[in-house]
Every structure is written in structure tokens, then in C-alpha cells.
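Values reported hereafter were calculated over all heavy atoms of this structure, with side chains retained and with hydrogens, waters and symmetry mates removed. Each chain gets a letter, A, B and so on, in the order the sequences are listed, and its residues count up from 1.
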Amino acid sequence: MNDSLPPSPSDETAPSNETASAKLNFVEQAIERDLAAGRFDGVATRFPPEPNGYLHIGHAKSICLNFGLAKKYGGSCNLRFDDTNPTKEETEYVDSIMEDVRWLGFTWNELRYASDYFEQLYDWAVQLIRDGKAYVCDLTGEQTREYRGTVTEPGRNSPNRDRSVEENLDLFARMKAGEFKDGSRTLRAKIDMASPNMILRDPVMYRIMHAHHHRTGDAWCIYPMYDWAHGQSDSLEGITFSICTLEFENHRPLYDWFCQALKIHNPRQIEFARLNLTYTVMSKRKLLQLVQEKRVSGWDDPRMPTISGLRRRGYTPESIRNFCAEIGVAKFNSTIDVVKLENAVREHLNRVADRRMAVLDPVKLTLTNWPEGRVEMVEAVNNPEDPAGGTRQVPFSGTLYIERDDFREEAPRKFFRLKKGGGVRLRAAYIIDCHDVVKDADGKVVEILCTYDPETRSGSGSSDRKVKGTIHWVSGEHAADVEVRLYDRLFRVENPDAGAEGETFLDHLNPDSIQTITAKAEPAVAEAEVGTRVQFERIGYFVVDSDSSPEQRVFNRIVGLRDTWGNMEAKGRAD
RNA sequence: UGUCCCGUGGUGUAAUUGGCAACACGACGGAUUCUGAAUCCGUUAUUCUUGGUUCAAGUCCAAGCGGGACAACCA
């Protein structure tokens, strides 16, 4: 017997071998080739987020990849914040990212920040100037753009390209000392303004920004650009495989150029396709917009594809890891159907979530032959998938609530639930037969009148009567009212970004993505702790939200159960 | 339009690197069921196009078509 709900399986369990697969993806193949060829002795990776937003499911793919590779090859994986742009980065994001990575079940080898390397980066920049490979440029942002040319036309050299080493050194030192205004000068690598690869047209290494940095404070007024910071950070940390997304493919020649110009350890950059999901948006900019414009309640709104949103929605770390393992890693820019994600959490929760009964849209049902005032306790299995899950006692009486949708006065042939003149099993209790209904003035059914069959109590074995269907119920006098938030997809369309002329992703928001109702639940449900996940039988999986109070539990719908009947009915095949 | 990357069932990922195109999810059908869930069984459907090399091509070559990235002092 087990009346109260046990906490859900640990969120902190370390990933098992779920990502281990006999088949190698292209990244693993590259790693094994390099290892075999002796290019590297081992595997060192890193997950390098910029702390300018919350992590989303796309980042989970990268996290699983980077940490998974390190684990698979007995190497290490660092968490490094790419914090080179103080105007966009905040400690709030740093904290949320660390929490999310831990929650997903990963432990980083070392915690680093690109800003840890500002001093070294500066020294290396001086070295490149001395080698004639970098120069201070006086062009404004607009001029720089103009001089760069276009994808089809070569760029022109900056007028300052051939400054003397001495002058460059002097100017660069004064940039650092704060003598110049924001945007007035940059330090650029001297590569090739005519390169067909735009990235190589004398890329900017440093810009002047008199801005407060979340870690270095006001120590610097020049900040390195991504290309100048990222690869060097990788090198400093002894990273062997620098895994990043496809849009950095064009940057790889520059990544290698810097390492070779500096004659430092040169990790191998490998690019993979980022995750796209149907019915959602994945860009940080758009997610930020949803938050700022209050289209959602925050970064952790249960409809958000953020890790914190999924966590609050009730997703388990294991299900997210399984999802990431299932979708694979490749260079093809694909879009995964969200049902794949939903299936992953269903699959996990089916195994571990206790079952409970709750009626979302209640209609009263009276047992006309039930002894006045009598209450029986019936025994219900907590989880048929888990023999160790035990059972619980549920109060049963003559006044019940059932799901309005589980009753029809006149039903199609394939309707296996309760109908007038028919019988149905009440889960874990008795078989009942409906003989009448009570309606209000509008003809709406307000009460269903049934008799119960005393010989059919579950587990008694005193009758071999069979019925087609089994439905869930709660006892009227014992039911607890709980708030239930029924979440649906945030967007109505598969690809919110692919709008018609003048439309934005916001035009595709689903107005019904949240519906809040009060449900009637069996008593044990009202005692569940925040974070507990349960299956409301025949409905779906739910989690106790942090908005719950001791008096009022709030449940988020994580995902519904597969609904074969609903689909049949929707497609008109119910008869 | 210049450079780079990518095209395998409905969706995604494989194919021992030139040797019978497979796996998962979906869809569909059935069995089973005190959850129309889960489980089990089965069915369905694929190499972008054209040409070439070869005994043999998803894989190599050429051309074409289609998709993506790059013209921030963002990452």
C-alpha cells in the first residue's frame, strides 16, 4: 500500500549508455580516424555557450554530443562561456546554463570563461602585430563594410593596412589604454581582402567597447571577436575536437589560420547540423522576444523549447538525452518532428510514472443501488509497468464523477465506453450499467444514473462478466480539486518562420496553447510534491508545477497519451 | 551572383568505405488489454536528375537541379 506519491526518479542520474551506439556518426568516424592516425592522443571537447540567453533543446543536442563524445572516448569535456561581448551577456544566463547542464545529467571537467584568457589573447595579438600579421585599422564600421566588398566582388585594402609595426604596437596599446572612442579603431588580421571566403577578408580581432563586463568589470575596453577568442580558448584548454554548428564552416580556415600563425596547438573543428523542431522556433533572439514581449510567462514557460521550459513542463533529463541519441548527428540541415520529442518523454514516463485517476471534465454519476452513505476502499495498481510500484487504496462511493466524454446517450458502434443501456468497468472497482440520465433545461446531461454489479469488484474473482471498456472515475465526496494547465504547441504551424509576405513568427502563435481548468482528482493527487510526475490514467502525463500551494495543487500536462480512439473519431472511422 | 557545405521511405539516421539499401519514429492492419495506454505481430514506402567509369554505384567522376551558410566592430 502506498497512498502518497513518491518523488519521481532522480533528475540527477548520470547518463547511462543510452548514447552509446554501434554505428558511428560522422563526428565519431573523424575522431577515430584522427586517433588512429596519431593526430591526437585523446579526446577533449567543450561546450561553449554564450551567456546571452537560456539554453534550449538545440543546445541539449550539442551538450549530449560534446559530453557524450568525451565519455565514449574516455576524455574530458569543459564548460566554457564564450563571454566576449559584454553588452549582451549577464550572470543570470551563466547561472541558468550551469543549472541546465547539470540537470541534463552532465558534469564538466573544468569550468572556464573566454574572459579568463583576455590577457593571453592580448599578448598573442601583440605577437601577430610584431609578425606583421595584424594591424590597427581606422576605418569606421560602415567603411569597413564598404571596403570588404561583397560575395561576388573582392574587397579593397584598408588605407592603414601597411602601417609600421611600431605604429601598430603604439596604437594597439593606446586602444587598450582607453584613449579612443568606441568604434573608432579595430585590430584586424592581415590575410586577404580578395579572398572568395568573406571571413578571411582581414577579419576584425578586437573592437573598442567601453562596457562593463560581467566578470572582468572595467578592466578592459577592447574585447576580442569570436574568431579571435574561440579557437585560442580551445587551444589553451588542449581541446582536440572543437565541435560546432554548420554556420561556422566558413570560419574553419580562419580558425586554423590563427592557430598556425601563433604556432599553437591546433584543434580540429568539426561542424554538425543544428537541431530544428517543428511547431517551434529555436533562435535565441526569437525566444528572447517571446519573453520580453510577454507572449510567454518567462524563459521557463512550459511551452518554451528551453531546457528550463521543458524541465518545468515535466520532461525528464533521460527523455531528452534519449531524444538526442535518437535523432543522430549529421551535416544535413533537417527538421525533427516534435512528436519525436513527445514520444521520448512518453516512453520514459510510461516506465516510471505512477498512475492516478483524475477527471478533467466531470459529469456526475449516481449508483442508484449503492447503499446509502457507504464508502469502500478499492485497491489500484500504481504502475502496471513496474511490479515494484505497489498499490494504493482509493475511496469509492455511490456518487462519482466520470469524464463527460466517456458517456454517450447514443453511441457509434465502436464506442466502448458508457452508454445508455450499456455497461462499462470502472477502473479498479465495479462494472456499472446505465439506465437513465438527468438533463437540464438545455438538454445537457447533468447526471448519469447507473446500477453497480456487486459481483464484479476488481480482484474479487466472483464474476467472469466482461465488458468492452474501462473508464476512470473519482468519488464525489473524496475528490480533490486541482488546477490543471493543458499545454499545447506554442505555434499553430509546422514552421513558424516560413510566413507569407509581411508575416513574422509571432503571427503563428497558437492562441490555445494553454487552457487552465479545475479537475477532480483522487485524494492522493492532492498530496503530491512539486516536481512529481504522474500519469492520469487514460489522459496523459502531468507534473506538479511550482505554482502549487499546500491548498491547491497545480498540474502541467507534459504530454497526452496516444489517443487512437480520438484519431478514429476525428477521421470519421468510429462506426 | 563568388566560395564553402548538404541532397537516402512521410520524418530522421545507417549501409563493414564499390558488393542483397537497413534501423527508429510515424502511418495502416491485426492480436492482446480492468488505461482505446503499454505490449506483441504484420503491412507500407527510399538512394534529387542525366550521363560516365565498372562484372557491380547510395557510394567514384562530370554536368545539371534543389536546399543551406557567408557581405555584424554578434556568437
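- The base of B:G36 does not come close enough to the side chain of A:Arg538 for any donor and acceptor atom to sit less than 3.5 Å apart.
- Remark: aromatic rings of A:His214 and A:Tyr93 are distant, center separation not under 6.0 Å.
- Judged purely by distance below 3.5 Å, without hydrogens or angles, the side chains of A:Glu318 and A:His348 pair a donor atom with an acceptor atom.
- Nearest to the side-chain atoms of A:Arg562 among the listed nucleotides B:G36, B:C23, B:G26 stands B:G26.
- Side-chain atoms of A:Arg145 lie closest to B:A71 of the nucleotides B:G36, B:A71, B:G68.
- Across all strands shown, A:Ala428 has heavy atoms under 4.0 Å from base atoms, whether or not it also approaches the sugar-phosphate.
- In summary, the side chains of A:Tyr541 and A:Glu342 do not present any donor paired with an acceptor at a separation below 3.5 Å, with no hydrogens or angles considered.
- Rounded to whole Å, the distance from NE2 on A:His472 to P on B:U35 is 13 Å.
- Distance from the side chain of A:Ser334 is smallest to B:U13 among B:C74, B:A14, B:U13.
- The distance from atom CD1 of A:Ile199 to atom P of B:C5 is 15 Å, rounded to the nearest whole Å.
- Heavy-atom nearest nucleotides on RNA chain B were determined for A:Tyr206 and for A:Glu537, and the one closer to the 5' end corresponds to A:Glu537.
- Below 30°, between 30° and 60°, or above 60°: for A:Trp299 and A:Tyr54 the angle between ring planes is below 30°, a parallel geometry.
- The CE-P distance, from A:Met198 to B:G68, rounds to 19 Å in whole Å.
- If you check every strand for non-hydrogen atoms under 4.0 Å, A:Lys284 touches nothing.
- Across B:A75, B:A37, B:C34, the shortest atom-to-atom separation from the side chain of A:Thr470 is found for B:C34.
- Contact annotation for A:Glu153: no contact, since no heavy-atom pair falls under 4.0 Å across all strands.
- Each of A:Asp563, A:Asp406, A:Asp405 was checked for a salt bridge (Lys or Arg N to Asp or Glu O under 4.0 Å) with A:Arg538, and the lone residue meeting it is A:Asp406.
- We find that CE of A:Met209 is positioned 9 Å from C1' of B:C74, with the value rounded to whole Å.
- A:Thr45 contributes atom OG1, which lies 10.0 Å from atom CG of A:Asp234 (distance to the nearest 0.5 angstrom).
- Atom CG in A:Asn350 sits about 7 Å away from atom P in B:A38, given to the nearest Å.
- The distance between atom CG of A:Leu200 and atom C1' of B:A71, rounded to the nearest whole Å, is 14 Å.
- Between A:Thr87 and the phosphate of B:C74, there is no side-chain N or O to OP1/OP2 separation shorter than 4.0 Å.
- In terms of phosphate contacts, A:Arg207 brings a side-chain nitrogen or oxygen within less than 4.0 Å of OP1 or OP2 of B:A75.
- A:His251 comes within 4.0 angstrom of a nucleotide base, judged by non-hydrogen atoms across all strands.
- Relative to the side chain of A:Asn343, the nucleotides B:C25, B:C70, B:C74 differ in distance, and B:C25 lies closest.
- At least one side-chain nitrogen or oxygen of A:Gln29 sits closer than 4.0 Å to the OP1 or OP2 atom of B:A15.
- A straight line from CG of A:Asn333 to P of B:U8 spans 12 Å, rounded to a whole angstrom.
- With RNA chain B read from its 5' end, the first of the two nearest nucleotides for A:Val151 and A:Trp565 is the one closest to A:Val151.
- Residue A:Arg427 is classed as a base contact, given a heavy-atom separation below 4.0 Å to a base.
- Among B:U35, B:A14, B:G12, the nucleotide with an atom closest to any side-chain atom of A:Pro384 is B:U35.
- A donor-acceptor contact under 3.5 Å is not formed by the side chain of A:Asp82 with the base of B:A75.
- Contacts of A:Thr140 with the nucleic acid, taken as non-hydrogen atoms under 4.0 Å apart, include base atoms.
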